[in-house]
Amino acid sequence: MNQPPQPSRPVYVPNHLVWAILTTLFCCLPLGVVSIVYASQVDGRRAAGDLAGAYAASRKAGWWAAASAVALPVLLLLWFGLFGGLAVLGALSDH
């Protein structure tokens with residue numbers, strides 16, 4: 001039987017699952033869900049011996065979690081900028 005040699009110790013590939021869950025709950029739900037999907041693929045790919053795929057899924061999970069974390073302040077700034085601007089315009093039009 002020709003099996004590939006097993007590494008002497010298990011290779012650690014970060015799955016970013018905790019970060020993905022937290023950004024889904026507290027930041028941006030759609031982007032966080034994408035991060036959770038990629039994070040859930042990491043351990044299975046690593047166990048199957050697909051280290052390149054595991055690293056790729058890990059990288060994508062981290063990227064989508066970061067995008068979700070950055071989306072919250074950006075969306076809040078847009079929200080307050082839009083409605084704050086409308087409030088200022090409304091206050092100015094009363095004079």
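- Between Ser58 and His16, the shortest heavy-atom contact is O-CD2, 3.1 Å.
- The two atoms that bring Val11 and Arg46 nearest to each other are O-CD, 2.9 Å, heavy atoms only.
- Panel note: side chain Thr23, backbone Ser68; no donor-acceptor pair is recorded below 3.5 Å.
- Cluster annotation: Leu25 is connected to Ile36 through the hydrophobic network of ILVMFWY side chains, with a link wherever side-chain heavy atoms come within less than 4.5 Å.
- In terms of hydrophobic clustering, with Ile, Leu, Val, Met, Phe, Trp and Tyr side chains grouped at heavy-atom distances under 4.5 Å, Leu76 and Phe83 are assigned to a common cluster.
- A distance of 9.5 Å separates CG of Leu17 from CG of Leu22, quoted to the nearest 0.5 Å.
- Under the 4.5 Å side-chain heavy-atom criterion for grouping Ile, Leu, Val, Met, Phe, Trp and Tyr, Val74 is not connected to Leu29 through any hydrophobic cluster.
- Leu31 approaches Ala71 most closely through the heavy-atom pair CD1-CB, 4.0 Å.
- Taking both residues in full, the closest heavy atoms of Ala54 and Val13 are given as O-CG1, 3.6 Å, listed atom of the first, atom of the second, then distance.
- Hydrophobic clustering, with ILVMFWY side chains joined whenever heavy atoms are under 4.5 angstrom apart, groups Leu78 together with Val70.
- Side-chain heavy atoms closer than 4.5 Å link hydrophobic residues (I, L, V, M, F, W, Y) into clusters, and following such links, possibly through other members, connects Phe80 to Leu72.
- Closest heavy-atom contact between Val33 and Thr24: N-OG1, 3.5 Å.
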